[in-house]
Amino acid sequence: MKEHLLKILIIGDGNVGKSSFVHRYVSGQFNITYKMTVGVDFSFKTLHWSDKEKVRVQLWDVAGQERFVSMTRVYYKGAVGCVLMFDVTDTSSFLKCHQWKQDLDSKATLPNGSSIPCILLANKSDLSDWAVPADHIESFCKAHGFVTWMATSVKDNKNIDKAMRRLVEEILSI
Ligand code: GDP
């Protein structure tokens, strides 16, 4: 059995749902009062990928340090994939994705120098007051070299596992 250990970062503005995402993905729960402690924190999830392969996903959450926007290199070190999340009801969290992606690409690179795979997640898609049109997300996604984008709802457990599987697939294909 081959085991891959993948360090995956989760970045994006505060309050978009990052901690809830990690908690949902790892424990299967959504708890509105749940909040991780401030500081970089990480959680594990093991995926039985195939008969011959096991994947241990190590998710790193910035947990409350988003205000710095520019994260330290230590946080990015050794990362092989990234989830960039924004809140579909909050335009500014979408506009900030540009900066987040630039910061990521300048600090986290694969040994061959190319940028690490990153998936763009439009979270809180269960809410009716979307402020960011899907075609804007689509063109931003294409222009900035994301693996893909998906509308997620951590609350309704929509596309959480699917998004992570897509990202892991991309990482393993490199
Ligand atoms: P973080 O600061 O990015 O880690 O965001 P949190 O995980 O703390 O979530 C911020 C708030 O958004 C909390 O009140 C969550 O309960 C709520 N939230 C997270 N994901 C969703 C979602 O998919 N839909 C809705 N409606 N609320 C969500």
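Counting starts at 1 for both ligands and their atoms, following the listed order. Remember, predicted model here, so these are calculated numbers, not experimental data.
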Q: Between L127 and ligand 1, find which residue part has any heavy-atom pair under 4.0 Å and reply side chain, backbone, both or neither.
A: side chain
**Q.** Ion pair R166/E170, N-O distance below 4.0 Å
**A.** yes
Q: Select one of side chain, backbone, both or neither to describe which atoms of N123 lie under 4.0 Å from any atom of ligand 1, heavy atoms only.
A: side chain
Q.
Counting C-beta onward and ignoring hydrogens, is there a side-chain heavy-atom pair between Y76 and K7 closer than 4.5 Å?
A. no
Q.
With nothing but distance in play, are any N or O atoms of S125 less than 3.5 Å from an N or O of ligand 1?
A. no
Q. Can we say D13 and K96 salt-bridge, meaning some charged N sits less than 4.0 Å from an Asp/Glu carboxylate O?
A. yes
Q: Using a strict 4.0 Å cut-off to heavy atoms of N15, name the atoms of ligand 1 that fall inside it.
A: 1 (P), 2 (O), 3 (O), 5 (O), 10 (C), 11 (C)
Q.
When you measure from the side chain of K45 to the backbone of Y25, do you find a donor-acceptor pair of N or O atoms at a distance under 3.5 Å?
A. yes
Q) Below 3.5 angstrom, do we get any N/O pair linking F21 and ligand 1? A) no
**Q.** contact_flag D13 ligand 1 heavy-atom lt 4.0 Å
**A.** yes
Q) Under a 4.5 Å side-chain heavy-atom rule over Ile, Leu, Val, Met, Phe, Trp and Tyr, are V26 and I171 clustered together? A) yes
Q) Mind checking whether S19 has an N or O less than 3.5 Å away from an N or O of ligand 1? A) yes
Q. Hey, does D61 come in under 3.5 Å of ligand 1, counting only N/O atoms on both sides?
A. no
Q.
Does any N or O of ligand 1 fall below 3.5 Å from an N or O anywhere on G14, backbone included?
A. no
(Q) Salt bridge or not between D103 and K107? Use side-chain N to carboxylate O under 4.0 Å. (A) yes
Q: Give the numbers and elements of all ligand 1 atoms closer than 4.0 Å to a heavy atom of S20.
A: 6 (P), 7 (O), 9 (O), 15 (C), 19 (C)
Q.
Please work out, at 4.0 Å between heavy atoms, whether the side chain, the backbone, both, or neither of D126 comes within that distance of ligand 1.
A. side chain
**Q.** D51, CG: over 12 other non-hydrogen atoms inside 6.0 angstrom
**A.** no
Q) How are the rings of F140 and H144 set to each other: parallel, tilted or perpendicular (split at 30° and 60°)? A) tilted
